Amino acid sequence: AQKITQTQPGMFVQEKEAVTLDCTYDTSDQSYGLFWYKQPSSGEMIFLIYQGSYDEQNATEGRYSLNFQKARKSANLVISASQLGDSAMYFCAMREAKYSGGGADGLTFGKGTHLIIQP
Amino acid sequence: ETGVTQTPRHLVMGMTNKKSLKCEQHLGHNAMYWYKQSAKKPLELMFVYNFKEQTENNSVPSRFSPECPNSSHLFLHLHTLQPEDSALYLCASSRNSGGPGDTQYFGPGTRLTVL
């Protein structure tokens, strides 16, 4: 079973509109982290926002916010006032606490959503 | 330079060649990672290094050989690759703060084509 599911392979949005990118996850851990990354055509993965499983408030970073619904295991990314430069692939990722006491763990990624902002 | 750098950015190699990918991080981080991004597939974790020690090998074929001489440098040595190994190889680093919020920062990637 997929651990990260992004159900929108592609989205077209008009410039200046808000956009919501969906992400659901599957884990049995109590402590985990959820991340969103942006990947322009150049290839680099750019970190956007983080939400911890114990965080009670939804994370926000500038125009980005994360709509975290723990009971539904969803962590949707909301981009307000979209811009042409927002056109890119967007990936949702999760870090599970595999090792007690911490340790470097890899991220599990979804398949991504290709967002295209139209003028 | 700042952040995470990777060289070369593009590499074309034959199946019998030996080549190496290099990653360098200037963030003072303690953990480094290799990921593979193939077309139409999610990013796949390959290796994790924590304080120069390999802590995870995600069932990667032996034709990929990682090396981490120090916390700032990570290499991926390639030999006798297959055409299906063509992909974008991304390096990342993190502070390894021990919590779930240990954010990974990525380099620009090496686009590898195996002929």
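Letters A, B, ... are given to chains in the order of the sequence lines, protein chains preceding strands, and every chain is numbered from 1. Just so we're clear, the structure is a prediction, and the values are computed from it rather than from any experiment.
Heavy-atom distances place the side chain of A/Tyr50, and not its backbone, under 4.5 Å from chain B. For A/Gln51, no part lies under 4.5 angstrom from a heavy atom of chain B. With a 4.5 Å cut-off on non-hydrogen atoms, B/Leu43 touches chain A through its backbone and its side chain both. If you measure heavy-atom distances from B/Arg9 to chain A, the contacts under 4.5 Å come from the side chain alone. There is no contact between B/Glu44 and chain A, counting heavy-atom distances below 4.5 Å. Contact annotation for B/Tyr35: only side-chain heavy atoms (C-beta onward) come within less than 4.5 Å of a heavy atom of chain A. Neither the backbone nor the side chain of A/Tyr54 comes within contact range of chain B; no heavy atom of the residue lies under 4.5 Å from a heavy atom of that chain.
Ranking B/Gln37, B/Lys41, B/Arg111 against chain A, the residue ahead of the rest is B/Gln37, based on heavy-atom pairs under 4.5 Å. Across A/Lys111, A/Met94, A/Met45, A/Gln39, the residue that shares the most heavy-atom pairs under 4.5 angstrom with chain B is A/Met45.
Residues A/Leu77 and A/Tyr37 are members of separate hydrophobic clusters, defined by side-chain heavy-atom contacts under 4.5 angstrom among Ile, Leu, Val, Met, Phe, Trp and Tyr. Linking Ile, Leu, Val, Met, Phe, Trp and Tyr residues whenever their side-chain heavy atoms come within less than 4.5 Å leaves A/Phe109 and A/Met11 in two separate clusters. When the side chains of ILVMFWY residues are joined at heavy-atom separations under 4.5 Å, either directly or via intervening members, B/Val4 and B/Leu45 end up in a single hydrophobic cluster. Under the 4.5 Å side-chain heavy-atom criterion for ILVMFWY residues, no single connected hydrophobic cluster contains both A/Phe47 and A/Trp36. Neither A/Tyr32 nor B/Val48 shares a network with the other; the hydrophobic side chains, linked directly or stepwise wherever heavy atoms of I, L, V, M, F, W or Y lie under 4.5 Å apart, form separate groups for each.
Shown here for B/Pro100 and A/Ser31, the closest heavy-atom pair between the two residues is CG-OG, 3.5 Å.
Sparse packing is recorded around CD of A/Gln57, with 12 or fewer heavy atoms of other residues, nucleotides or ligands lying under 6.0 Å away. Residue B/Gln82 qualifies as enclosed at atom CD: its count of foreign heavy atoms under 6.0 Å is above 12. When the shell of 6.0 Å around NZ of A/Lys73 is examined, it contains more than 12 heavy atoms from other residues, nucleotides or ligands.
Atom-to-atom distance recorded for B/Thr103:OG1 and A/Leu48:CG is 11.0 Å, nearest 0.5 angstrom.
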